[in-house]
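A quick write-up on the structure given underneath.
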Protein chains: 2
Amino acid sequence: MPRAPTTTDAFNAIAEPRRRDIIDLLASAGPSPVGDLVQILKLPQPAVSKHLGVLRDVGIVAVQRKGRHRVYELNAKTLKPIHDWVSAYERFWMHQLNRIKLRAEQSPKGKV
Amino acid sequence: MPRAPTTTDAFNAIAEPRRRDIIDLLASAGPSPVGDLVQILKLPQPAVSKHLGVLRDVGIVAVQRKGRHRVYELNAKTLKPIHDWVSAYERFWMHQLNRIKLRAEQSPKGKV
DNA sequence: ACAGCATATTCCCATGCTGGAATACGTCAA
DNA sequence: TTGACGTATTCCAGCATGGGAATATGCTGT
């Protein structure tokens with residue numbers, strides 16, 4: 001089977017750098033219509049719409065119709081699984097001291 | 001252009017659930033030879049080797065030859081960019097109180 | 001040298017992607 | 001209505017994927 005669709009989950013959705021850009025932008029600018037994103041990201045409008053479609057499918061963003069505009073809003077809690085997963089590894093780069101701890105915790109199975 | 005190769009960066013590499021499984025396993029069991037991973041993950045050996053190849057290209061794991069075995073070790077600091085990126089959104093789901101803060105910080109540009 | 005184990009690589013396939021261009025859709029103003 | 005705007009969808013292309021099967025490589029003991 002081929003690579004999983006980008007709409008499978010948040011992990012797949014955020015693999016695309018442009019989609020992370022969109023997320024970052026929505027986080028800093030707040031809910032925005034598509035046109036604003038197009039202007040700031042300097043991407044073709046269809047490209048932005050398609051990326052938004054993926055993010056929408058995964059639930060990372062939500063839409064609201066406002067006249068002929070569509071206002072996209074970030075729904076960041078869908079990113080929590082990613083944070084949860086990667087946070088387990090934070091200790092690996094936090095302090096040098098942790099190296100000692102890690103050796104003890106991991107203790108390659110050969111140990112008695 | 002098609003989707004970026006999985007070897008492009010850590011974001012693309014970890015989109016595959018099996019590769020996250022391998023990372024998790026290396027983290028908890030410590031450096032391990034391929035055979036151990038194959039046995040525990042119950043995946044065909046070539047599949048594991050291929051996934052390890054991707055992780056190796058991105059730098060998430062490192063290999064060490066030990067006789068006829070190859071011992072793979074986690075190099076978790078390559079996951080830091082992911083942690084850094086997603087941590088910016090932690091506040092969105094931490095405390096309910098943050099909702100108030102967030103509204104103030106984001107203040108959709110229309111505001112005076 | 002040889003057999004056997006541990007691992008990597010190659011080949012094939014069906015699928016789904018991203019970008020670009022063109023086009024369709026829905027809404028507002030006159 | 002009609003036209004114009006904002007946005008979404010469709011069609012096309014090239015391409016890398018992950019799985020399976022088969023095979024190649026490398027090391028070890030005898």
Side-chain angles (χ1 to χ4, degrees), chain A residues 1-23 25-26 31-58 60-73 108-110, chain B residues 1-23 25-26 31-58 60-73 108-110:
Chain A
M1 266 147 210
R3 212 202 296 215
T6 55
T7 52
T8 302
D9 54 26
F11 284 96
N12 281 277
I14 67 150
E16 245 294 333
R18 271 77 191 268
R19 284 196 285 267
R20 292 199 299 276
D21 290 344
I22 291 178
I23 292 170
L25 191 45
L26 287 178
S32 310
V34 179
D36 289 18
L37 305 178
V38 169
Q39 202 182 348
I40 298 179
L41 297 173
K42 290 173 182 170
L43 290 177
Q45 173 267 316
V48 174
S49 276
K50 283 185 223 170
H51 285 311
L52 285 170
V54 173
L55 295 173
R56 204 189 326 124
D57 279 359
V58 180
I60 298 179
V61 301
V63 213
Q64 206 180 350
R65 287 180 156 84
K66 289 277 190 183
R68 36 185 163 181
H69 297 236
R70 303 214 186 175
V71 178
Y72 279 85
E73 181 174 11
K109 61 206 159 4
Chain B
M1 266 145 210
R3 211 201 299 212
T6 54
T7 52
T8 302
D9 54 26
F11 285 96
N12 282 277
I14 67 151
E16 246 293 333
R18 272 78 193 276
R19 284 196 286 265
R20 292 199 299 277
D21 290 345
I22 291 177
I23 292 170
L25 191 45
L26 287 178
S32 310
V34 178
D36 288 19
L37 306 178
V38 168
Q39 201 181 350
I40 298 179
L41 297 173
K42 291 172 182 170
L43 289 178
Q45 172 267 315
V48 174
S49 277
K50 283 186 224 171
H51 285 310
L52 285 170
V54 173
L55 296 174
R56 203 188 328 124
D57 278 359
V58 180
I60 297 178
V61 301
V63 213
Q64 205 180 350
R65 287 178 155 86
K66 289 276 191 185
R68 37 184 161 184
H69 297 239
R70 303 216 186 172
V71 178
Y72 279 83
E73 181 174 11
K109 54 188 166 17

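Just so it is clear: chains get the letters A, B, ... in the order the sequence lines come, proteins before strands, and each one is counted from 1. Atoms considered below: every heavy atom in the structure, side chains included; atoms not considered: hydrogens, waters and symmetry mates.
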[X] [atom1] to [N] [atom2], straight-line distance once rounded to whole Å:
X     : N      : atom1 : atom2 : answer
B:L41 : D:dG19 : CG    : P     : 12 Å
B:N12 : C:dG16 : CG    : P     : 18 Å
A:L43 : D:dT7  : CG    : C1'   : 15 Å
A:D57 : D:dT9  : CG    : C1'   : 13 Å
B:I14 : D:dG18 : CD1   : C1'   : 17 Å
B:Q64 : D:dG26 : CD    : C1'   : 17 Å

Inset, instruction - For nucleotides 18-30 of chain C, just jot down a letter per nucleotide in 5' to 3' order: B, S or -, based on protein non-hydrogen atoms under 4.0 Å. - result: BBB-B----BB--
Legend entry - Estimated bend of the helix from C:dA1-D:dT30 to C:dC17-D:dG14 (axis per five terminal pairs, rounded to 10 degrees): 40°
For the [atom1] atom of [X] and the [atom2] atom of [Y], what is their distance to the nearest 0.5 Å?
X     : Y     : atom1 : atom2 : value
B:I60 : B:L26 : CD1   : CG    : 11.0 Å
B:T6  : B:H51 : OG1   : NE2   : 9.5 Å
B:D36 : B:L41 : CG    : CG    : 10.0 Å
B:E16 : B:K50 : CD    : NZ    : 11.5 Å
A:S49 : A:R56 : OG    : CZ    : 8.0 Å
A:Q45 : A:L37 : CD    : CG    : 11.0 Å

Would you say the side chain of [Y] lies within less than 4.5 Å of the side chain of [X], judging by non-hydrogen atoms?
X     : Y     : value
B:L55 : B:R19 : yes
B:R3  : B:T8  : no
B:L25 : B:D21 : no

Inset, instruction - Select one nucleotide: of C:dG16, D:dG6, D:dT9, the one nearest the side-chain heavy atoms of A:S49. - result: D:dT9
Inset, instruction - Output yes when at least one side-chain N/O atom of B:Y72 is less than 4.0 Å from OP1 or OP2 of C:dA8, else no. - result: yes
